[in-house]
Asker: 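My structure is below; once you've seen it, I'll send some questions.
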Amino acid sequence: MIKRALLSVSDKTGLIDFARALTGQGVEILSTGGTAKAIRDAGLPVKDVSEFTGFPEMLDGRVKTLHPKVHAGILAVRDNAAHVETMNEHGLGYIDLVCVNLYPFVQTVTKPHTLDDAIENIDIGGPAMVRSSAKNYKHVAIVTDPADYASLVAEMQANGGALLDATRFNLAKKAFTHTAQYDGHISNYLTALNAAGEREQFGDQLTLQFTRAQTCRYGENPHQNGAFYVEANAPAGTIASSKQIQGKELSYNNIADTDAALECVKTFDAGVDTKAVCVIVKHANPCGVAYGENLLDAYNRAYQTDPESAFGGIIAFNGRLDGETARAIVERQFVEVIIAPEVSPEASEAVAAKKNVRLLECGRWNSPHASPPPEGAQCPPWGGPAAGMAGSVAQMDMKRVAGGLLVQDADTQLHGELKVVTQRAPTAKEMEDLLFAWRIAKFVKSNAIVYCKDGMTIGVGAGQMSRVNSARIAAIKAEQAGLAVPGSVMASDAFFPFRDGLDNAAAAGITAVIQPGGSMRDEEVIAAADEHGIAMVFTGVRHFRH
């Protein structure tokens, strides 16, 4: 039974209601500093920790709960005779519930601050009490999250002022996770500072923490186990923040492919005047992408690129999914996942007829781009600057290797300064299609070749050891879909090492090419383009995707 509680919180959300409920259960409340003042100002009884310990707060509040009376009251094992004897011998009282959340370190370092500001917001007494309470969870409840207040009060009211053993254990697990995350933020922040106090891009240490969102039925293959973990406060418009409206549980591969589709469609977003865009992904590669007058038109055009690969694919949209588009999808093809920033009631009703189809609403993301920039314009990176290791890891890309972890900036830059390097410049229509194709090539596995025309993919070649073979596959895909390559533009995720890439493009009827440039044979490749009357643009940015 909870008879005495110690409340000391930085985040005072719900504090007064919680304190009032505890008081109503006959619980004596101990508190410190601003927490005690807030409780007292609400007209509730509270005893200062300094009165409980007989020792004043000191050193600007740095020392207040770091006292034997506090930690003995928390750590004493109630059914250990020696502990009980010691508590009685020294006149010590038990503390049955500890409610602590820590100094706002992350909030401090993610806004303008000095190193001294950061250091002052490293909590010492709080983590000590949290860990002490969590260690002694069989006898003490540790509360670190205001979201738990209401359920704990209800449980106490239903159990004569006591909390269940399972509840205290779950609170302890949450508490150790809380302090681990807190210390990880501090470590990441401090180890990224060099001797001059300047912040480096990658620190000496990297501590990460994610929360399991689901256990998958299996991993990439049936003999592998799998799970999906998400970071705290995952941004809107991501697979991690998506709400599943209906359908079977997402599989490991569903999650990976849906992420690829969603991230691809986001590169086309330009705010209120954005054209409707549909991206169809199969096995992590876009197999059909198109602009449209509306979502249905965009879907029809994307599907037309490669109906064979679209079967069992993932479909992402950049606008509110309407009923007509949803019906067209489920009546035409087998689809694993449909995802959009918003889903209309009519769309939900249309998809409900196919109960296994996974329908997701991801929320609206921040608009990453303005409309396609003119030639020579500098395209800004999306999402703003990385929050740094002390905050979100959304701007970091990680890949597990045997015995280690590769970490890099996320590939958020679309292109650098666009340079026309051939005698003929692209027409305005060709430039529009080149930029469209370039956005797609960024998400196709290397070596990537993408053919596009009129805001629609004509053929996609992905993941080949030879760039020429990727181009051949793109042409084969176009032929299979009954689409004409002549008059199309081509995007390549990396430079052409030899002129044969341009010779083959000309033979296929390609009129304009966009690529990073940077090969030692660029002049040879440019000369080949000029021979064939092909316009070519260099982006200055490569998009390998392995």
Asker: Taking 4.0 angstrom as the limit, do D493 and R467 come out as a salt bridge?
Answerer: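 Between R467 and D493 there is a salt bridge, with a charged N closer than 4.0 Å to a carboxylate O.
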
Asker: Report yes if the side chains of N294 and E324 come closer than 4.5 Å at any heavy-atom pair, otherwise no.
Answerer: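 SC-SC contact between N294 and E324 ruled out.
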
Asker: With a 3.5 Å distance limit and no angle check, can you tell me whether S492 reaches the backbone of A494 through a side-chain donor-acceptor pair?
Answerer: yes

Asker: Would D454 and K429 pass as an ion pair if we require N to O under 4.0 Å?
Answerer: yes

Asker: Could you tell me whether a side-chain N or O of E346 sits under 3.5 Å from a main-chain N or O of A326, the two making a donor and an acceptor?
Answerer: no

Asker: Kindly indicate whether the side chain of V537, heavy atoms from C-beta on, has any atom under 4.5 Å from the side chain of W438.
Answerer: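 Result no, sub-4.5 Å side-chain heavy-atom pair not found.
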
Asker: Could I get the full list of ring-ring contact (aromatic ring centres under 6.0 Å, His included) partners for H178, not counting sequence neighbours?
Answerer: none

Asker: Do F228 and L250 touch side chain to side chain, with heavy atoms closer than 4.5 Å?
Answerer: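 No, too far: nothing below the 4.5 Å cut-off.
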
Asker: Would you check if L360 and V337 make a side-chain contact, meaning some heavy-atom pair closer than 4.5 Å?
Answerer: yes

Asker: Heavy atoms only: give me the nearest K453-P486 pair and the separation to one decimal.
Answerer: NZ-O, 3.1 Å

Asker: Does D522 use its side chain to pair, donor to acceptor, with the backbone of G517 at less than 3.5 Å?
Answerer: no

Asker: Donor-acceptor pair, K477 side chain versus C287 backbone, under 3.5 Å?
Answerer: no

Asker: Kindly say whether E220 contributes a backbone atom to a donor-acceptor pair with the side chain of N253 at under 3.5 angstrom?
Answerer: yes

Asker: Does a salt bridge link E263 with R545, judged by any charged N lying under 4.0 Å from a carboxylate O?
Answerer: no

Asker: Between F317 and V265, is there a side-chain heavy-atom distance shorter than 4.5 Å?
Answerer: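 A side-chain contact under 4.5 Å is absent here.
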
Asker: So, for F436 and F268, is the gap between ring centers shorter than 6.0 Å?
Answerer: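 For F436 and F268, the ring centres are under 6.0 Å apart.
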
Asker: Are any of the side-chain heavy atoms of K174 and N170 separated by less than 4.5 Å?
Answerer: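 K174 vs N170: side chains apart.
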
Asker: Say whether, by atom type as modelled, one donor and one acceptor occur between the side chain of D306 and the main chain of G288 under 3.5 angstrom.
Answerer: no

Asker: R301 side chain to Y291 main-chain N or O, any donor-acceptor pair under 3.5 Å?
Answerer: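 Checking the backbone N and O of Y291 against the side chain of R301, a donor-acceptor pair under 3.5 Å is found.
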
Asker: Do I534 and T511 have side chains that approach each other closer than 4.5 Å (heavy atoms only, starting at C-beta)?
Answerer: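 No; the side chains remain at least 4.5 Å from each other.
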
Asker: Has N318 got a side-chain atom pairing as donor or acceptor with A276's backbone, closer than 3.5 angstrom?
Answerer: no

Asker: Is a donor on one side and an acceptor on the other found under 3.5 Å between the side chain of K419 and the backbone of G540?
Answerer: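 Absent.
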
Asker: For the residue pair V281 and C264, establish whether any side-chain heavy-atom pair is separated by less than 4.5 Å.
Answerer: no

Asker: Only counting residues at least two apart or in another chain, list the ones meeting ring-ring contact (aromatic ring centres under 6.0 Å, His included) with H223.
Answerer: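 Scan of H223 (ring-ring contact (aromatic ring centres under 6.0 Å, His included), adjacent residues dropped) gives none.
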
